[in-house]
Amino acid sequence: MNPPVSGNWQRLSPFAVVSFLWTAVKIFGRGAIQGILPILAAVLLLRDDEPLGLGPLLPILGGLLLLVVGIAVVQWAYFKFRIAEDRLLIRKGFIKKTALDLPYERVQGINVERSLVDRIIGLVSVTLDTAGSVQAEGKLPSIRTEVADHLRASVAALRPGLEDDLLEGVSGKARDSGAEGWGRVLLKLGPADMVRIGVANRNFIFVAAMVGILADLLQPGDFLAPLFEALAAGIDNAASAFSGLGALAQLVLVVVLILGALAAALLLTVTAAFLRHHAFTLWHDGRTFRSRAGLLTQREVVVEAPKIQQLSLSQDLVMRWFGRFRLRALPAAAVVAPGGQNPEGLGVADVLDVPLLDGRRAEELRTRVFKREASEIAVLPRDDAFRRVSPYYIRALTLRIWLIAGLVLGTVFLQLLAAEVSAGVGVPMLIGWLASIPVLVLIAWQLWRRRGYTHDDDGLASRGGFIGSKVDAFPMRKAQSAIVKQSPLQRRKGLATLQVQLACGQMTVPYIENEVARGLRDYILYRVEASRRRWH
């Protein structure tokens, strides 16, 4: 690699091939699952002779592996970058050439990731998030720490808001000794918090179910089959031993098995929490928020407070028991994909994610993020400032869910008729559909109880949820558009729905008074037009 001198074109470290290889594997793996594997499964099912062994597939798998490795090497060979005085220049691609010109003035956050191997050999992966773009454009995988320091200094020279210590200490002792120059420590999570995060993981029950049925999914030829066969034999022997003791002993056995599956799932989710959020620390230096976490792979996210468009504070049932929340600060163009996965290897701009905090710290973060604007807007779900929407929201939700359930049952009934099933099955289905109305009313009532909104002269917050709660709050001047919609029922009752479009998504306040919705829309647009400050 060339020395980090402004104006020189540089190449990535050879270890960056691993990053390109991992990206290619994810893309090819997704394509195989969606295309190749179904075709292969159909071929195997249609064969009349012996099943196709793994031997004939090895050359195909080997060829695919060589292809993926070749693509990664070519991507590395044709990737170069230059750190200029006012912009980052990237040139990449062999068949499809891509030229990226990223001015430092557009940078709204710098994210640093260090895997275990990177930490050993002194490399970092740096991503520059920009305003107005969903994709994290400036990504430099596996570069030397001195190159990262030079990039930091170049960005800080044109962005006073991004302090000189954005990447300070990447190669020094400050990072390893607690990062004394990174500002005030607002939050630091310990081992007990990792357990809370693991228990509150929404995939906890799913993991427990998968652990419980894993023995049924494994075939005799699998490498773990002997272990699960021995476990199954032990369970059968225990069941036989308990069978003579009556139904109570059998119930105890079932409870023990369920608790065992839950314990295994808890161990997995807590381990995942330690790997991802170990030693989570949040700093604030007056303008910039920085978080760092991770056991094997350390990840740092740096976001300027003026770039944050929206705060999202959520609390599920388990978090409610713990008296804790999860906070996400969304910058411009941030996209939160379901499950936290990015589509097709797309580098999506990171959000400042605080996995666990109490209400007092949530209020403190809100004040620090919004400062003089919307600093008093409510973010805690139980705040008395929230006003519920119209009770007609219950009727609308009930009718909507009921009609959708009717369409689903009607489709199932038609499929049963096509399969020559007796038409008499439609009677109990119709009775069940009609009898479901009270249950749907209760569900809609619970959703209405959680639904609410509040606002002051500077900000607007919307609350929602079913079992848990979620509050989204934003300063009005950062709205990109505001519209008022009315359904036929809303028009009859003098109600409306307010929709506000932000640079990081959309916020909706349904079934409020029409005059209130229009007044809020006009006031939001007025604050946008009257503000002389940038929204990002």
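When a residue number appears, it is its place in the shown sequence, counting from 1.
- The closest side-chain heavy-atom distance from S436 to W402 is below 4.5 Å.
- Crowding of R521 atom CZ: a count of heavy atoms from other residues, nucleotides or ligands under 6.0 Å exceeding 12.
- Rounding to the nearest 0.5 Å places CZ of F325 at 5.0 Å from CG of L380.
- Note on E363 versus R366: salt bridge recorded, some NZ/NE/NH1/NH2 to OD/OE distance being below 4.0 Å.
- Contact record, S390 with L495: OG-CD1, 3.5 Å, taken as the closest heavy-atom pair.
- In this structure, CG on L100 lies 9.0 Å from OG1 on T98, to the nearest 0.5 angstrom.
- Ionic pairing of D101 and R87 is present here: one or more N-O contacts between side-chain nitrogen and carboxylate oxygen are shorter than 4.0 angstrom.
- Side-chain atoms of T271 come within 3.5 Å of backbone N or O of L267 as a donor-acceptor pair.
- Between D353 and R326 there is a salt bridge, since at least one side-chain N of the basic residue sits less than 4.0 Å from a carboxylate O of the acidic one.
- Residues E300 and E113 are not in side-chain contact: their nearest non-hydrogen atoms beyond the backbone lie 4.5 Å or more apart.
- A heavy-atom distance below 4.5 Å is found between the side chains of L189 and L356.
- The number of heavy-atom neighbours closer than 6.0 Å to OH of Y392, taken from other residues, nucleotides and ligands shown, is 12 or below.
- The heavy-atom pair separating A378 from V471 by the smallest distance is O-CG1, 4.0 Å.
- Counting only N and O atoms by type, the side chains of S462 and D472 include no donor and acceptor under 3.5 Å apart.
- Closest of all the heavy-atom pairs between I394 and V441 is CG2-O, 4.2 Å.
- Distance alone, capped at 3.5 Å, is enough to place a donor-acceptor pair between the Q501 side chain and the G505 backbone.
- At least one donor-acceptor pair closer than 3.5 Å links the side chain of Q315 to the backbone N or O of R324.
- Proximity of R451 to V389: side-chain heavy atoms (C-beta onward) are separated by under 4.5 Å at one or more points.
- How far OG of S469 is from CE of M319: 13.0 Å, rounded to the nearest 0.5 Å.
- Counting heavy atoms from C-beta on, the side chains of Y511 and L489 come closer than 4.5 Å.
- With values rounded to the nearest 0.5 angstrom, I143 atom CD1 is found 10.5 Å from H150 atom NE2.
- Annotation for A329 and L311: closest pair CB-CD2, 3.7 Å, computed over non-hydrogen atoms.
- Residue S531 comes nearest to R477 through the heavy atom pair OG-CD, 3.3 Å, listed as atom of the first residue, atom of the second, then distance.
- In summary, the side chains of H284 and R368 do present a donor paired with an acceptor at a separation below 3.5 Å, with no hydrogens or angles considered.
- A distance of 10.5 Å separates CG in L186 from CG in L357, rounded to the nearest 0.5 Å.
- Evaluated for a side chain to side chain contact (heavy atoms under 4.5 Å, CB included) with F289, the options L365, V301, V354 yield exactly one hit, L365.
- A donor-acceptor contact shorter than 3.5 Å links the side chain of K478 to the backbone of I308.
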Between L102 and L128, does a side-chain contact (heavy atoms from CB on, under 4.5 Å) hold up when you go through it step by step? CA-CA 9 Å; L102 178 59; L128 302 182; 3.8 Å; yes
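- Using modelled atom types, one side-chain atom of T454 and one backbone atom of A385 make a donor-acceptor pair closer than 3.5 Å.
- Taking every heavy atom of both residues into account, A479 and V500 meet most closely at CB-CG1, 3.6 Å.
- For the salt bridge (charged side-chain N to carboxylate O under 4.0 Å, His left out) condition, the pairs that include at least one residue of residues 185-199, sequence neighbours left out, are D193-R196.
- Within a 6.0 Å radius of OH in Y526, no more than 12 heavy atoms belonging to other residues, nucleotides or ligands are found.
- Between the side chain of S125 and the main chain of S142, a donor-acceptor pair closer than 3.5 Å is present.
- Checked by atom type and distance alone, the side chain of Q309 pairs as donor or acceptor with a backbone atom of K307 at under 3.5 Å.
- You'll find the side chain of L352 reaches within 4.5 Å of the side chain of L282, heavy atoms only.
- Summarising the geometry, atom OG1 belonging to T367 is positioned 6.5 Å from atom CD belonging to E376; distances are rounded to the nearest 0.5 Å.
- Between R290 and D285, none of the side-chain N atoms (NZ, or NE/NH1/NH2) sits under 4.0 Å from a carboxylate O, so this pair counts as no salt bridge.
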Evaluate the criterion side-chain contact (heavy atoms from CB on, under 4.5 Å) for residue pair L88 and Y104; output intermediate values, then yes/no. CA-CA 7 Å; L88 174 66; Y104 298 143; 4.0 Å; yes
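- Using a 4.5 Å cut-off on side-chain heavy atoms (C-beta onward), W283 and R292 make contact.
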Are Y453 and L498 close enough, and set up right, to give a side-chain contact (heavy atoms from CB on, under 4.5 Å), and what steps lead you there? CA-CA 11 Å; Y453 73 101; L498 174 67; over 6 Å; no
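- The aromatic rings of H277 and F280 sit perpendicular, their planes meeting at an angle over 60°, well past the 30° parallel limit.
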Assess whether side-chain contact (heavy atoms from CB on, under 4.5 Å) is satisfied between M476 and H455, documenting all intermediate values. CA-CA 9 Å; M476 291 183 179; H455 68 90; 4.0 Å; yes
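- Looking at R463, its side chain does come within 3.5 Å of a backbone N or O of R450 through a donor-acceptor pair.
- For the side chain to side chain contact (heavy atoms under 4.5 Å, CB included) criterion with P488, the lone passing option out of Q486, R492, Q490 is R492.
- Residues L151 and L140 are in side-chain contact: their nearest non-hydrogen atoms beyond the backbone lie under 4.5 Å apart.
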